[in-house]
Amino acid sequence: TQLLEQSPQFLSIQEGENLTVYCNSSSVFSSLQWYRQEPGEGPVLLVTVVTGGEVKKLKRLTFQFGDARKDSSLHITAAQPGDTGLYLCAGALPTSGTYKYIFGTGTRLKVLA
Amino acid sequence: NAGVTQTPKFRVLKTGQSMTLLCAQDMNHEYMYWYRQDPGMGLRLIHYSVGEGTTAKGEVPDGYNVSRLKKQNFLLGLESAAPSQTSVYFCASRSGRGSGEQFFGPGTRLTVL
């Protein structure tokens, strides 16, 4: 059974603080995706990282894929209340002509004004 | 362009009853997936499909069946519901390019009493 461990599970911080969320696995992924999910809705893609060592920035969010493509991190600079939500990482594994995705358990972030 | 839609949004079943969850996508995507989301466990893959007329088992397929008779629709069936199947069910689809973005539906919240 492939596992993708995500930490921390919960995070409550003040507006303006920085934070980092981690996803770690023993599996090598073809790519890794980060999603954000609002209550009552499905996850929405933030970014996909494909190459080992890749770094992508999306405004105040920085995503990094580990060199061995087994781990990833999401760093948020100067968090805002609008960043509140559930953040999920998902690793893509090739299987039978497609990919299946292993999801982390999620990080529930609350940013207090 | 509605993206991915799911019906129903909510359902309450008694143990032993059956039901079918419908997922529809209008993006002409080849691949479709069914996940369940439980607290503290992230999303787990139930079944997936690589094209019309094909289905395959995911991580947690027991107690579920699926069909993909039309490219745009992916049905998830519960023949004899059990309380352990109480969950939020998400359908997702993606195009055939690489291991990229999955588009998720809004989810179906199922309670089995």
Side-chain angles (χ1 to χ4, degrees), chain A residues 1-10 21 23-25 27-51 54 56 58 63 65 69 72 85-108, chain B residues 2-6 9-10 21 23-25 27 29-61 68 74 87-109:
Chain A
T1 302
Q2 292 100 352
L3 292 174
L4 189 51
E5 297 182 356
Q6 190 171 341
S7 62
Q9 285 193 19
F10 302 95
V21 178
C23 274
N24 295 287
S25 177
S27 300
V28 177
F29 296 114
S30 299
S31 68
L32 194 137
Q33 301 167 347
W34 284 92
Y35 290 85
R36 180 176 157 183
Q37 185 178 16
E38 302 290 347
E41 299 179 6
V44 176
L45 183 75
L46 293 173
V47 78
T48 298
V49 285
V50 180
T51 307
E54 182 176 2
K56 280 192 175 180
L58 186 65
F63 305 86
F65 203 11
R69 306 205 320 273
S72 181
L86 178 66
Y87 291 82
L88 297 162
C89 58
L93 294 171
T95 181
S96 304
T98 183
Y99 294 89
K100 64 177 182 179
Y101 298 84
I102 307 299
F103 279 80
T105 51
T107 295
R108 193 166 296 280
Chain B
V4 180
T5 58
Q6 292 182 233
K9 290 187 177 180
F10 303 94
L21 283 68
C23 175
Q25 54 96 3
M27 297 172 283
H29 284 168
E30 290 294 330
Y31 307 113
M32 296 186 75
Y33 304 80
W34 274 108
Y35 295 91
R36 58 178 291 172
Q37 186 174 34
D38 302 292
M41 299 189 74
L43 279 81
R44 292 182 291 167
L45 181 64
I46 304 171
H47 286 280
Y48 64 96
S49 169
V50 301
E52 181 178 319
T54 70
T55 63
K57 294 180 180 180
E59 297 175 73
V60 289
R68 185 131 180 241
F74 195 26
S87 188
V88 182
Y89 292 86
F90 287 99
C91 174
S93 72
R94 68 176 190 88
S95 70
R97 299 179 191 173
S99 58
E101 177 179 8
Q102 296 177 84
F103 292 83
F104 283 85
T108 294
R109 184 174 294 275

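Reckoned from all heavy atoms, side chains included, excluding hydrogens, waters and symmetry mates. The sequence lines fix the lettering, A, B, ..., with proteins before strands; numbering per chain opens at 1.
- Heavy atoms of Tyr101(A) lying under 4.5 Å from chain B belong to its backbone as well as its side chain.
- Between chain B and the residues Ala92(A), Gly106(A), Pro43(A), the most heavy-atom pairs under 4.5 angstrom are made by Pro43(A).
- By the side chain to side chain contact (heavy atoms under 4.5 Å, CB included) test, Arg44(B) is found to be paired with Arg36(B), Asp38(B), Met41(B), Glu59(B), Val60(B), residues two or more places apart in sequence or in another chain being considered.
- Interface residue Leu43(B): backbone and side-chain heavy atoms are both found under 4.5 Å from chain A.
- The contact between Tyr35(B) and chain A is made entirely by side chain atoms (from C-beta outward), counting heavy-atom distances below 4.5 Å.
- For the atom pair Lys57(B) NZ and Lys100(A) NZ, the distance stands at 13.0 Å (nearest 0.5 Å).
- Among Ser31(A), Gly104(A), Ala90(A), the residue making the largest number of heavy-atom pairs under 4.5 Å with chain B is Ser31(A).
- For Arg108(A), there are no side-chain hydrogen bond (donor to acceptor under 3.5 Å, both in side chains) partners two or more places apart in sequence or in a different chain.
- Contact of Gln37(A) with chain B is made through the side chain alone, with heavy-atom distances under 4.5 Å.
- More than 12 heavy atoms of other residues, nucleotides or ligands shown are found within 6.0 angstrom of CZ on Arg36(A).
- Side-chain contact between Glu101(B) and Val47(A) is absent, with no heavy-atom pair separated by less than 4.5 Å.
- One distance of note links OH of Tyr99(A) with OH of Tyr48(B); it measures 12.5 Å at 0.5 Å rounding.
- Within 6.0 Å of CD on Glu5(A) lie no more than 12 heavy atoms contributed by other residues, nucleotides or ligands.
- Using a 4.5 Å heavy-atom threshold, the side chains of Thr98(A) and Glu30(B) count as separate.
- Of the atoms belonging to Gln102(B), heavy atoms from both backbone and side chain fall under 4.5 Å from chain A.
- Side-chain atoms of Phe104(B) and Glu41(A), non-hydrogen and from C-beta on, never get closer than 4.5 Å to each other.
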